[in-house]
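Presented below is the structure to which this report refers.
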Amino acid sequence: MRTSPELRRKLISVAAVSAALLTAAPASVAVAQETAPRPAVPAAQTEAAPGTPAERLIVGYKSGASEAKSDKAAAADAAAKAEKTGEDVDFQRRLGTGAALVDLGTNPGRADVADVVAQYQADPQVAYVVPDRLNKPTAVTPNDTDYSKQWDLFESTAGMNVPAAWDTTTGTGVTVAVIDTGYVAHSDLAANIVGGYDFISDTAVSVDGNGRDSNPADPGDWYNDNECGQGIPASTSSWHGTHVAGTIAAATNNGKGVAGIAYGAKISPVRVLGKCGGYDSDIIDAITWASGGSVSGVPANTNVAKVINMSLGGGGACSSATQSAINGAVNRGTSVVVAAGNENQNVSNASPANCNNVITVAATNRAGSRASYSNYGSLVDIAAPGGETRTSKANGILSTLNSGTKTPSSENYDYYQGTSMATPHVAGLAALMKSANSALTPAQIESAIKANARALPGTCSGGCGAGLADAAKTVQAVKGGTSTGATFSSTTAVAIPDAGAAIESPISVTGRSGNAPSALQVGVDITHTYRGDLVIDLIAPDGSAYRLKSAASDSADNVNTTYTVNASGESANGTWKLRVQDTAAQDTGTLNGWKLTF
């Protein structure tokens with residue numbers, strides 16, 4: 001019997017285990033395969049990286065062996081091997097495959113391991129014996145050379161907690177339309193670019209010498225002094241759309257450049273901004289087309305986007321024309337993510353950020369406070385890293401770019417700041433969510449992003465929405481958790497006492513994966529002669545209460561309705577309860593039944 005935890009956890013080398021597996025028998029593996037009465041361990045099962053920590057063996061018994069079925073027999077066999085070798089060998093548990101996990105305990109080195117392995121190999125009832133190797137997550141730290149500079153993805157203070165989401169999803173199967181300046185060729189993006197469109201109809205704006213066409217290449221958006229308005233100074237080309245696209249879906253784990261938030265997703269570049277900006281009319285058509293709608297004179301979109309990123313905006317109220325286009329996109333199932341704007345003013349004065357049915361994104365700096373330039377206000381839905389470069393360029397957002405000051409030159413990377421940079425963080429998150437749960441609606445995506453945000457690490461004067469977006473928490477909340485029509489119900493009637501204690505009715509939910517949906521349907525059937533007396537709560541498995549109905553001056557009879565609850569922060573499996581209380585005298589009722597639809 002071992003008494004020291006330190007000794008129990010002492011590791012041996014997989015290299016030692018592997019060497020023992022290959023050399024314990026006096027003949028080579030090849031000879032053993034030819035002459036031994038039992039199958040030899042395949043070479044692939046005995047190979048491991050030298051020095052990899054391990055402390056156990058996985059032993060597979062032949063199907064007819066008693067040790068293959070009986071834990072007691074496997075434990076006895078381990079004890080017998082221990083007695084023969086004089087080493088510490090303990091049966092720990094049965095694996096799902098039926099193999100036995102054997103602890104090597106305090107065995108100090110290769111020679112002793114070899115003795116144990118040899119005993120198992122010599123046993124005719126053993127089919128294989130392999131080391132229990134230590135595996136590590138593969139998606140947490142990409143090998144992109146500039147990943148360490150992307151504080152916005154991983155820093156604990158004000159990063160968006162993106163790496164922890166990658167073990168669940170990378171955005172595969174989702175197309176994001178970047179409605180912006182188009183795309184300038186970049187090798188760190190090229191693999192994730194699919195067909196888009198150039199919607200700029202005015203040649204003075206398009207710069208490329210023509211109107212609308214199927215080529216969304218960015219020729220540059222530079223302009224001279226006063227060319228875009230009196231007093232507006234000259235500007236070099238921004239390559240803005242390419243920078244935005246890189247944040248969303250730069251190629252990742254390719255040994256170069258930066259990592260994209262949803263690097264398994266595809267980017268459809270949709271060009272609407274050229275010299276001095278772009279017109280509403282072009283943007284409206286771009287929203288419609290990108291989301292799968294029809295635009296006269298433009299071929300049907302073969303790369304329909306489920307997420308639209310619009311890091312653009314102007315002043316004034318949301319126009320009815322723009323709102324109509326946004327509504328159409330959302331009705332087609334496309335989430336529309338929009339920059340709050342960079343005027344340090346209330347977002348109510350910035351369009352399309354002030355439109356309905358959009359996810360409006362404010363920008364935070366590296367300390368987690370609202371960036372000094374970011375718009376704010378009650379119409380902001382969420383905040384995300386947008387950077388602030390006043391004290392250090394490295395506090396901006398690094399992404400794909402081009403070195404050309406006017407026309408395209410060599411590809412490069414650079415830091416930008418702005419709500420334009422914050423918005424693709426949320427668009428990338430929306431792509432991750434949609435990939436993890438394809439049935440999510442735009443409303444569910446917005447609701448879950450807000451419900452799973454964390455409090456800003458810093459400060460925000462004026463309002464920054466629900467807080468700082470948290471990618472890992474949000475993805476985990478929606479994974480497998482949308483409405484699939486699976487219904488769990490209770491038909492047990494429970495009397496509701498008049499002005500008495502609350503009653504509860506339980507439903508046990510099993511067989512679900514992940515969290516409950518952000519639009520959990522709660523169907524309630526109550527007979528009552530004055531429903532205004534009733535208070536109704538949904539109680540989650542962890543005890544959290546969700547108020548469905550409060551007491552009110554409502555003299556009507558009965559409650560027979562379905563409530564929608566954002567339960568994305570709750571585990572789906574477990575015992576859910578409906579709690580009902582009559583809060584006033586003279587009327588009684590019965591809970592006839594209720595149901596949950598996932």
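For the numbers below, each heavy atom of this structure counts, side chains included, while hydrogens, waters and symmetry mates do not. Computed from a predicted model, the values in this text were never measured in an experiment.
Nearest approach of Thr288 to Ala325, heavy atoms of both residues: OG1-CB, 4.1 Å. Scanning both residues, Ala353 and Ala339, for their nearest heavy atoms gives CB-O, 3.2 Å. Here the closest heavy-atom approach between residue Ala363 and residue Gly418 is recorded as CB-O, 4.0 Å. Taking each heavy atom of Thr474 and Ala448 in turn, the nearest pair found is CG2-O, 3.8 Å. For the residue pair Pro424 and Ser311, the shortest heavy atom distance occurs at CD-OG, 3.7 Å. In plain terms, the two heavy atoms of Ala431 and Val307 that are nearest each other are N-CG2, 4.0 Å.
Side-chain contact check for Asn210 and Thr203: no donor-acceptor pair (N or O, by modelled atom type) lies under 3.5 Å. Counting only N and O atoms by type, the side chains of Asn303 and Thr175 include no donor and acceptor under 3.5 Å apart. A donor atom on one side chain and an acceptor atom on the other are found under 3.5 Å apart for Asn346 and Ser348. Under the 3.5 Å distance criterion, with hydrogens and angles disregarded, a donor-acceptor pair is assigned to the side chains of Asn161 and Asp470. Side-chain contact of His240 with Asp221: a donor-acceptor pair under 3.5 Å is absent, judged by distance alone. Glu411 and Ser403 share no donor-acceptor pair across their side chains, judged by distance under 3.5 Å alone. Using a 3.5 Å distance cut-off with no hydrogens or angles, the side chains of Asp146 and Gln150 do not pair a donor with an acceptor. Side-chain contact annotation: Gln521 with Thr562, donor-acceptor N/O pair under 3.5 Å absent. If you check the side chains of Arg370 and Thr459, you find no donor sitting under 3.5 Å from an acceptor. No hydrogens or angles considered: a donor-acceptor pair under 3.5 Å links the side chains of Thr169 and Ser435.
A salt bridge links Arg212 with Asp285; the closest basic N to acidic carboxylate O contact falls under 4.0 Å. Between Lys256 and Asp188 there is no salt bridge, since no side-chain nitrogen of the basic residue lies less than 4.0 Å from a carboxylate oxygen of the acidic one.
The number of heavy atoms from other shown groups lying within 6.0 Å of OH (Tyr279) does not exceed 12.
Classified by interplanar angle (parallel below 30°, tilted 30° to 60°, perpendicular above 60°), the ring pair His186/Tyr413 is perpendicular. Taking the six-membered ring where the residue is Trp, Trp166 and Tyr263 present perpendicular rings, their angle passing 60° and hence far from 30°.
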Worked check of side chain to side chain contact (heavy atoms under 4.5 Å, CB included) between Thr597 and Thr487
CA-CA 4 Å; Thr597 302; Thr487 299; 3.2 Å; yes

Step by step, would you call Tyr546 with Glu570 a side-chain hydrogen bond (donor to acceptor under 3.5 Å, both in side chains)?
CA-CA 11 Å; Tyr546 295 83; Glu570 306 289 346; 2.6 Å; yes

For Ser374 and Asn342, run side-chain hydrogen bond (donor to acceptor under 3.5 Å, both in side chains): C-alpha distance rounded to whole Å, both residues' side-chain angles, the deciding distance at 0.1 Å, then the answer.
CA-CA 5 Å; Ser374 177; Asn342 303 327; over 6 Å; no

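Applying the disulfide (SG to SG under 2.5 Å) test to residues at least two apart or on different chains, the pairs with a partner in residues 188-280 are Cys228-Cys276.
Residues Ile308 and Ile287 meet the side-chain proximity criterion, which asks for heavy atoms closer than 4.5 Å. In this structure, Pro408 and Trp239 have side chains that are in contact, with non-hydrogen atoms separated by less than 4.5 Å. A heavy-atom distance below 4.5 Å is found between the side chains of Thr322 and Cys355. You'll find the side chain of Val426 reaches within 4.5 Å of the side chain of Ile382, heavy atoms only.
Counting only distance, with no hydrogens or angles, the side chain of Asn349 and the backbone of Gly315 share no donor-acceptor pair below 3.5 Å. Without hydrogens or angle criteria, Thr334 side chain to Val330 main chain gives no donor-acceptor distance under 3.5 Å. Under a 3.5 Å cut-off, the side chain of His243 and the backbone N or O of Asp414 do form a donor-acceptor pair. Side-chain atoms of Asn143 do not come within 3.5 Å of backbone N or O of Thr145 as any donor-acceptor pair.
Of the inter-residue distances, the one linking Tyr376 atom OH with Ser461 atom OG reads 7.0 Å to the nearest 0.5 angstrom. Here the CH2 atom belonging to Trp289 is positioned 15.0 Å from the OG atom belonging to Ser296, to the nearest 0.5 angstrom. Rounded to the nearest 0.5 angstrom, Leu189 CG and Thr400 OG1 are separated by 4.0 Å.
When each of Val178, Asp180, Asp198 is paired with Arg271, the side chain to side chain contact (heavy atoms under 4.5 Å, CB included) condition holds for Asp198 and for no other.
Scored by the salt bridge (charged side-chain N to carboxylate O under 4.0 Å, His left out) test, Arg390 finds Glu388 as partners (sequence neighbours excluded).
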